[in-house]
Amino acid sequence: MINVFNLRGNQRTSGDLSRREGGKIFGSGSRTPIAITLLVRNPAAKGKAQIHYHDIGDYLSREEKLERIKKFASVMSPEMQLSSITPNEENDWLNQRDGLFDTFIPMEADKKFNTASTSFFVLNSRGLETARDSWVYNSSQDALTENIGRMIDFYNQQVKQFLQESDKKKAEEEISLDPHKISWSSSLLSNLHSGVATSFEEKYLTQAMYRPFFKQHLYRGDLMIHRRGQWDMIFPTPQTKNLVICVSGVAGKTFSTLITDCIADLHILESGTQCFPFYYYKRVNNGQMDLFDESEGDLERCDGISDFILNEARNMYGPKTTKEDVFFYIYGLLHSDDYRARFAADLTKMLPRLPLVEDTKTFKAFSTTGRKLANLHIKYEEVPYWPDAIITGDRSCLNVEKMRFAKTNGEDDKRTIIINPHLKVENIPLQAYDYVINGKSAIEWLMERYSYTIHAESKITNDPNAWGREHNAPGYIIDLLLRIITVSIETIKLTAKLPSLTFPVHLLMCDKEVIEV
C-alpha cells in the first residue's frame, strides 16, 4: 500500500497558481512541492499496490498546512479522507484528461502545409527561440544595433581564427566562451565549424512580442536566431501584415492564449508557445515556388485556416461563413471559462482541440466576441486610458526603473502602483488583476517587464524607457499602464458575455465524422 499526502508549495510558479500552491513547508529552504509518502509492505498481499492520495488544498499558508498535519496526526486518521487513485489510459494519475476532448477537431495539422488536413489550421510554429535574448532583443533599437553588431564582429573573428588553425582540436579549445562578447548555441557553433561568416543587415531589424503586452526590437538576421520555426513564412518582412493566435505549449502548468500581429517569442506563454497564423507566405521566383529561397521575389499569400474547417463551418452555419469568422471563433472559444475549466487537464498536456458548436447563433457569438478580444489585445497601445485612475506626483518625472505596489499594513496594496519616487497611479480597480495570462495578471507582466535590467552574463543593459524615447513618447510606460487596466477590465467583461458551453454537446467534429454524444 502506498499513501501520498501532497503538501503542495510549488514556488516555481507565479501569480494565482503560486498563491494556490500556498506556503512552503520548509520556508525559504524549499521552492519545490513537498509530499509525504508512506510505503506499507504486506508480504501476504498479491497483485499491484493500492495507492491512496490526499491533497492538502489551495491557498493555505505554511502555518495552516502545519496545523492540518498536526491535526491529522496519523495517516490512519479518518479525517484525511484518503482516496484511491488509478491511472487512465493515458497514464495520468492526477489531473486526468477528459475523453471528450479527443473527439474535438485539432487546431494543429497532422503535417505542416497539408492543405487537406482535417484540422483548424494547416500550419503552426513554435515561438521564436533565439538562445541569446539579451543580444537580439532590446527596448532600444540603437542599443540592439550596437550589441548585435559587436557580437557579429566577434563571431566572424572566431570563424577566421578557427579556419586558420590547422590543428582542429586546438582550434576547438581556442574558441572564446566570453559571455561579454558572444552567446553560443549549438546552431552557431555548427556554423563556426563550417566556416560560415555573417554580417549585420539592417533589413533584419523588426519588432516582436517578447512577453504579454511587452514589445521589443528584434534582430532576426542570418545565424543569430537559434531556431527560427516558421516565422520567415509568417512574417517574411517587417511590413508583412498578419495575425497569429498563440497558445501555451504542451506540459505547462496553466493554459493561456494571446493574439499578436508580430513575431512571438518562444516564452511569451508557457512551455514553448505554439503559434497559429491566419496567413503564411511562400516565395515565387520566375514562376517557381521555393519555400526556403531567401532571394528577392514575389510573395504568395496562403491561408492558415484549412479548407476542411471552412467547409464544415459553412455546412453548419451557412455559405457566407468566412475563414476570418472561423479564426475569431477560435480565439473566442479559447477564452471560454466553460471550455478551460472542463478541459484544464487536457490543455496542459495537449495542444487545443475544439468543437464546432451546434447552432449558428452560438458560433456567431463566439466569433464576434473573439474579434472584439483580438482587436483589444492587438491594439492595446491605442485603447483609452482607464478613466478612474488617479495620477499623483510630478508628471515631468516619467523615468521608470522598477514599478512596485504601495504598501498598506505591510501588505501589497494593488490599488496603487508606484511608478518612481515622484509619481504613482492610484484607484486601480482590483478586478483588473483578474485578467491573468501565463500565470500573472496583465498589469503585473507590465510591472515586471518594464524595468531597467542588466543581464547577468553578458552585462547588456535594457532600459525600458528607451522604447518611449525612440517612439517620441516619453510617457509611454505610464500611458501603457493606464491602457492595460482598460484592456484587463474589458477582457473580463467580454469573456463573461461568451455563450455558456454545456457538455456533452450534441455535435462534435472528429475528422470527417459527426459523432452523437
Side-chain angles (χ1 to χ4, degrees), residues 14-15 137-144 207-218 258 260-262 265 268 373 375-408 411-454 461-493:
S14 59
Y137 285 115
N138 207 283
S139 295
S140 165
Q141 183 169 299
D142 291 341
L144 171 62
Q207 293 181 6
M209 191 68 72
Y210 185 63
R211 294 294 183 270
F213 307 109
F214 179 62
K215 285 182 182 175
Q216 291 281 269
H217 295 288
L218 165 69
L258 185 65
T260 180
D261 61 353
C262 59
D265 184 77
I268 186 175
L373 285 165
N375 190 61
L376 187 65
H377 297 160
I378 292 165
K379 298 182 179 179
Y380 68 92
E381 296 169 296
E382 302 172 22
V383 302
Y385 303 147
W386 182 248
D388 297 329
I390 300 170
I391 304 173
T392 58
D394 187 351
R395 297 197 182 200
S396 66
C397 298
L398 299 172
N399 202 63
V400 175
E401 288 194 6
K402 186 172 180 61
M403 291 181 275
R404 58 186 176 85
F405 292 119
K407 295 286 185 181
T408 300
E411 300 291 331
D412 285 344
D413 182 356
K414 293 187 176 182
R415 294 169 298 181
T416 299
I417 293 176
I418 298 172
I419 305 299
N420 58 39
H422 312 283
L423 197 64
K424 60 184 177 181
V425 176
E426 300 177 286
N427 204 35
I428 298 170
L430 294 178
Q431 184 189 13
Y433 295 94
D434 291 340
Y435 175 41
V436 174
I437 181 168
N438 200 22
K440 279 195 281 283
S441 70
I443 294 173
E444 288 168 296
W445 273 115
L446 199 74
M447 294 174 67
E448 175 186 301
R449 286 294 151 181
Y450 284 93
S451 59
Y452 186 91
T453 60
I454 302 175
T461 61
N462 194 336
D463 180 2
N465 303 283
W467 185 275
R469 289 195 298 267
E470 294 183 0
H471 288 80
N472 196 30
Y476 175 84
I477 297 176
I478 190 170
D479 289 347
L480 186 58
L481 172 60
L482 299 175
R483 297 183 197 278
I484 291 299
I485 297 171
T486 300
V487 168
S488 299
I489 295 293
E490 291 303 314
T491 297
I492 293 165
K493 288 180 180 178

Do His377 and Val487 pass the side chain to side chain contact (heavy atoms under 4.5 Å, CB included) test, and can you show the C-alpha distance, the side-chain angles, and the key distance before you say yes or no?
CA-CA 7 Å; His377 297 160; Val487 168; 4.0 Å; yes

Mind running side chain to side chain contact (heavy atoms under 4.5 Å, CB included) on Tyr435 and Glu490 for me, showing each step along the way?
CA-CA 9 Å; Tyr435 175 41; Glu490 291 303 314; over 6 Å; no

Is there a side chain to side chain contact (heavy atoms under 4.5 Å, CB included) between Ile443 and Leu481 once you walk through the steps?
CA-CA 7 Å; Ile443 294 173; Leu481 172 60; 4.0 Å; yes

Considering only heavy atoms from C-beta outward, does the side chain of Glu411 approach that of Phe405 to under 4.5 Å?
no

Is there a side-chain contact between Val425 and Met403, using heavy atoms and a 4.5 Å cut-off?
no

So, for Tyr433 and Val436, which heavy atoms are closest and what is the spacing to 0.1 Å?
O-CG2, 3.6 Å

State whether the side chain of Glu470 and the backbone N or O of Gln141 hold a donor-acceptor pair below 3.5 Å, judged by distance alone.
yes

Under 6.0 Å from the CZ atom of Arg469, do we count more than 12 heavy atoms belonging to anything else shown?
yes

With rounding to the nearest 0.5 angstrom, report the CD1 to CD distance, Ile417 to Glu444.
8.5 Å

Quick one: pull up CD1 in Ile390 and CG in Asn427 and give me the separation to the nearest 0.5 Å.
4.5 Å

Separation between CD1 (Ile378) and CG (Leu258), nearest 0.5 Å, reads 9.0 Å

Are the charged groups of Arg211 and Glu448 less than 4.0 angstrom apart, N to O?
no

Distance alone, cut at 3.5 Å: any donor-acceptor contact between the side chains of Glu401 and Ser451?
no

Have a look at Tyr450 and tell me which of Phe213, Phe214, Tyr210, Trp445 forms a ring-ring contact (aromatic ring centres under 6.0 Å, His included) with it.
Phe214

At their closest point, which heavy atom of Pro212 faces which heavy atom of Ile437, and how far apart are they?
CB-CG2, 4.0 Å

Residues Asn465 and Asn399: side-chain donor-acceptor under 3.5 angstrom
yes

So how far is it from Ile477 CD1 to Leu398 CG, rounded to the nearest 0.5 Å?
9.0 Å

Smallest separation among heavy atoms of Val383 and Arg483, with atom names
O-NH1, 2.6 Å

Does Asn438 reach the side chain of Ile268, with side-chain heavy atoms less than 4.5 Å apart?
no

Take a 6.0 Å sphere around CG of Asp394 and say whether it holds more than 12 heavy atoms from other residues, nucleotides or ligands.
yes

Kindly say whether Cys397 contributes a backbone atom to a donor-acceptor pair with the side chain of Asn420 at under 3.5 angstrom?
yes

Do you know which two heavy atoms are closest between Pro464 and Asn462, and how far apart they sit?
CD-O, 3.5 Å

Return yes if some donor-acceptor pair links the side-chain N/O of Asp463 with the main-chain N/O of Asn138 below 3.5 Å, else return no.
no

Can you tell me how far apart CD1 (Ile484) and OH (Tyr380) are? Round to the nearest 0.5 Å.
7.0 Å

How close do Ser140 and Ala466 get, heavy atom to heavy atom, and via which atoms?
CB-CB, 3.5 Å

If you measure from the Lys or Arg side-chain nitrogens to the Asp or Glu carboxylate oxygens, is any gap between Lys407 and Asp412 under 4.0 Å?
yes

Distance (rounded to the nearest 0.5 Å) between Ile428 CD1 and Trp386 CH2:
11.5 Å

For a 4.5 angstrom cut-off between non-hydrogen side-chain atoms, does Gln216 reach Gln207?
no

Is Lys215 atom NZ crowded by more than 12 heavy atoms from other residues, nucleotides or ligands, each under 6.0 Å away?
yes

Run Arg404 and Lys402 through side chain to side chain contact (heavy atoms under 4.5 Å, CB included) and show every step you take.
CA-CA 7 Å; Arg404 58 186 176 85; Lys402 186 172 180 61; 5.8 Å; no

Heavy-atom pair of closest approach, residues Thr486 and Pro384:
OG1-O, 2.9 Å

